[in-house]
Peer 1: 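Right, I'll just put the structure down here and ask away after.
This one's a predicted model, so the numbers in the text were calculated from it and none came from an experiment. Any value given below was found using the heavy atoms of this structure, including those in side chains, with hydrogens, waters and symmetry copies removed. All ligand and atom numbering here is 1-based and tracks the order in the structure.
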Amino acid sequence: MAGEFDRLHRESLENPHDFWANAAEEVFWYRKWDQVLDDSAAPFSRWFVGGRTNTAYNALDRHILDGRGDQVALIYDSPVTDTVTRYTYSELRDRVARFAGALRDLGVGYGDRVIIYMPMIPEAVIAMLATARLGAVHSVVFGGFAPHELATRIDDCTPKCIVSASCGIEPGRLVPYKPLLDAAIDHAAHKPDHCVIFQRPMAEAEMVAGRDLDWQAVETAAAPADCVEVEATDPCYILYTSGTTGQPKGVVRPTGGHLVALKWSMPHIYGVQPGEVFWAASDVGWVVGHSYIVYAPLFHGCTSVLFEGKPVGTPDAGTFWRVIADHQVSVMFTAPTAIRAIKKEDPDGALLARHDLSRFRAQFLAGERCDPDTLAWCETHLKVPAVDHWWQTESGWPIVSNCLGIEQLPVKPGSPTKPVPGWDVQVINAEGQRAAADEIGAIVIKLPMPPGALPTLWQNDQRFIESYLTEFPGYYQTGDAGFIDGDGYLHVMSRTDDIINVAGHRLSTGAMEEVLAAHGDVAECAVIGVADALKGQVPLGFLVLKDTADKADDEVTRDVVAMVRQQIGPVAAFKQACVVGRLPKTRSGKILRATMQKIADNEAYKMPATIDDPVILDEIAGALQALGYADDHKGAS
Ligand code: COA
Ligand code: AMP
């Protein structure tokens, strides 16, 4: 109905208590809340205070009682192992309950942390739900991160237990996880009591006697555990995400708000009904995987697809369409980079013709800016609505989206459309005032944020306030810049901080600089994100060597590439660095990274008024040209 979207958005902001109390009726509670929203300790806010519930009960048990026990809950489709396995709600619940029993036998209980470092196998989902069943708190670490990153997370959330697998499978190579896990535990100050290792047949992990236990053995030996009631305000999970330094931020997800928001999002944003098949082609290590592979589809009684593969090469660029057809997927979610990878190999979508996509209704895209070409390719070839939507780890669910279940708004390529009900999104200009229409500024969200958004960072209220709430009092700072046009559509343009987005993965250039600076021959360094046709952005390092450096330039660049891979992980995709004589700086010594990035990407830029020595920019352009960038460099305007 025309106007319904705006009406619902207005209602959600004018009367958030009633709006979210209504939404919360769709969730199972052992005890209902006393207060919908408590923001007496603003800027902190707590939703559904006094309510008691359990995440895993809402994901599984309640649906079995409602008659969905024989419905498929999870389809594991793994082209890299040539496997398809289906789990009904009853089967999945039984495995989760038994693995929860195993964790309980290892001493895991309410409030304890469990780190999950796993590839895309059903056991990753089972471990998440089993942790939630016990009222414990999981923290999933993406498999593409190196031991150092894992160690940082171990020390921050001090898990009682770590659940992992013997290996992951990347196209063309096995990734043995266990040596990475062992190195991380060696490196960390905190030691978990136990590690539970799922042995995959392609690589057997060596076990540490006394500490490591075989998944199969502990699951078989355990008695099923019941769901443990928790407070709505208790954390369901911690998910670390890149900040501006090497120390990632532990985003906390509150149990009750998470349930309510995700359950609401399925019919309203994605337009999906219980019983339908939903597929998010992401990884459980990212927020998209948490919210839309595991939790939201299961909270809503859908069938979710867990895909262990890549958009191309497993075996070809038609694999996504094969999965949609084979499993009768109604709605799919992926990152624009995945579509760009497919488009590169199959520009005319010829592989689509081999598959019956008649059940497919909508393609959602997020994780990075969706370029209009990618959107147009989806619309032309998939012949269903292609929906760019914008959100982040911190929000846990979409902030700005065309809400297919409410009212389909006209699309403006390059914009994820309008703020979703619950989110009061504004833009603040350089003068600290609310920006006019079309005026670029910092994208902020007026507090309180709706249910499901992060209430704080794990055991670090201070960093939560400093990172997000200080610059614009009364607002949450998203870290993105953009504008709202005259029709109320948001346009997200860039980050305002040192975060870059590589193939839909959020990475910190600051963290990479910390690694580069640790090289003995490096005096100074800078990392920027440069435009990449496939991955959106890729990192590029600039190094100034010490006068005393005894290695050749290319030896140092090779070293730092290896160091980033070793310390942050292959996912950083840090493959290029160059040695320069100096870095461009302001007179106060601040490195002009944004100007360097504009030169690399052939974007127009103004000579910064405070630059120390403008000549350096030509030297930087020369170094970039040698790497194949800045080919159209014309100097400052
Ligand atoms: N475990 C171990 N290593 C991993 C990994 C994992 N779970 N995931 C990625 N890596 C490695 C890759 O093997 C690769 O290593 P390499 O340098 O040896 O080749 C590196 O990390 C970069 O991986 P990736 O970003 O996947 O790049 P790619 O070149 O292999 O593939 C795409 C490019 C576009 C196909 C791929 O990035 C993609 O599918 N992106 C979609 C991302 C996504 O879904 N994001 C979630 C947000 S919705
Ligand atoms: P993450 O926390 O990893 O999900 O990354 C969130 C960040 O990715 C956002 O703050 C944006 O910078 C970027 N992002 C995600 N989705 C979009 C989108 N649809 N359009 C533009 N940027 C996006």
Peer 1: I need the nearest protein heavy-atom contact for atom 47 (C) of ligand 1: residue, atom name and distance, please.
Peer 2: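 Closest protein heavy atom to atom 47 (C) of ligand 1: Gly504 O, 3.8 Å.
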Peer 1: side-chain hydrogen bond (donor to acceptor under 3.5 Å, both in side chains) with Gln537: which residues, sequence neighbours excluded?
Peer 2: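 side-chain hydrogen bond (donor to acceptor under 3.5 Å, both in side chains) check on Gln537 returns nothing, list empty.
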Peer 1: What residue and atom, counting heavy atoms only, is the protein's closest point to atom 46 (C) of ligand 1, and at what distance?
Peer 2: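 Going atom by atom, the protein heavy atom closest to atom 46 (C) of ligand 1 ends up being Ser282 OG, 3.3 Å.
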Peer 1: Determine whether any heavy atom of Tyr177 lies closer than 4.0 Å to an atom of ligand 1.
Peer 2: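 Yes, Tyr177 has heavy atoms under 4.0 Å from ligand 1.
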Peer 1: Could you find the nearest protein heavy atom to atom 35 (C) of ligand 1 and give me its residue, atom name and distance?
Peer 2: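 Answer for atom 35 (C) of ligand 1: Pro311 CG, 3.6 Å.
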Peer 1: For Glu471, give me all partners under side chain to side chain contact (heavy atoms under 4.5 Å, CB included), at least two apart in sequence or on another chain.
Peer 2: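 Partners of Glu471 by the side chain to side chain contact (heavy atoms under 4.5 Å, CB included) criterion, ordered by chain and then number, come out as Gln477.
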Peer 1: For atom 37 (O) of ligand 1, which protein heavy atom lies nearest, and how many Å away is it?
Peer 2: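 Protein heavy atom with the smallest distance to atom 37 (O) of ligand 1: Ala503 CB, 3.3 Å.
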Peer 1: For the CD atom on Glu603, are there more than 12 heavy atoms of other groups (residues, nucleotides or ligands in this structure) within a distance under 6.0 Å?
Peer 2: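 Yes, enclosed.
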Peer 1: Among Glu308, Glu170, Lys310, Arg173, which residue places a heavy atom closest to atom 15 (O) of ligand 1?
Peer 2: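 Residue with the shortest heavy-atom distance to the ligand atom: Arg173.
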Peer 1: Considering only non-hydrogen protein atoms, determine which one is nearest to atom 8 (N) of ligand 1 and report residue, atom name and distance to 0.1 Å.
Peer 2: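 Answer for atom 8 (N) of ligand 1: Phe142 CZ, 3.3 Å.
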Peer 1: Tell me the protein heavy atom at minimum distance from atom 20 (C) of ligand 1, and give that distance in Å.
Peer 2: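 The protein heavy atom lying closest is Pro570 O, 3.3 Å.
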Peer 1: Can you tell me if His505 has a non-hydrogen atom under 4.0 Å from ligand 1?
Peer 2: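 The answer is yes, since His505 has a heavy atom less than 4.0 Å from ligand 1.
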Peer 1: Under a heavy-atom criterion of less than 4.0 Å, does Trp391 contact ligand 2?
Peer 2: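 Right, Trp391 reaches ligand 2.
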Peer 1: Among the heavy atoms of Gly479, does any lie under 4.0 Å from an atom of ligand 2?
Peer 2: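 For ligand 2, residue contact (heavy atoms, under 4.0 Å) with Gly479 is absent.
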Peer 1: To the nearest 0.1 Å, how far is atom 13 (C) of ligand 2 from its closest protein heavy atom, and which atom is that?
Peer 2: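 Answer for atom 13 (C) of ligand 2: Asn501 ND2, 3.7 Å.
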Peer 1: Say you draw a straight line from CG of Leu540 to CG of Leu627; how long is it, rounded to the nearest 0.5 Å?
Peer 2: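 Those atoms lie 6.0 Å apart.
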Peer 1: Taking 4.0 angstrom as the limit and counting only heavy atoms of His389, give me the atoms of ligand 2 inside it, by number and element.
Peer 2: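 The list of qualifying atoms is 16 (N), 18 (C), 19 (N).
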Peer 1: Below 3.5 Å, N or O to N or O, backbone or side chain included: is there any such pair between Thr334 and ligand 1?
Peer 2: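 It does not: no N or O of Thr334 is found under 3.5 Å from an N or O of ligand 1.
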Peer 1: For atom 41 (C) of ligand 1, which protein heavy atom lies nearest, and how many Å away is it?
Peer 2: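 Result for atom 41 (C) of ligand 1: Thr337 CG2, 3.6 Å.
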Peer 1: What is the nearest protein non-hydrogen atom to atom 27 (O) of ligand 1, stated with its residue, atom name and distance?
Peer 2: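 So the nearest neighbour among protein heavy atoms is Lys535 NZ, 3.0 Å.
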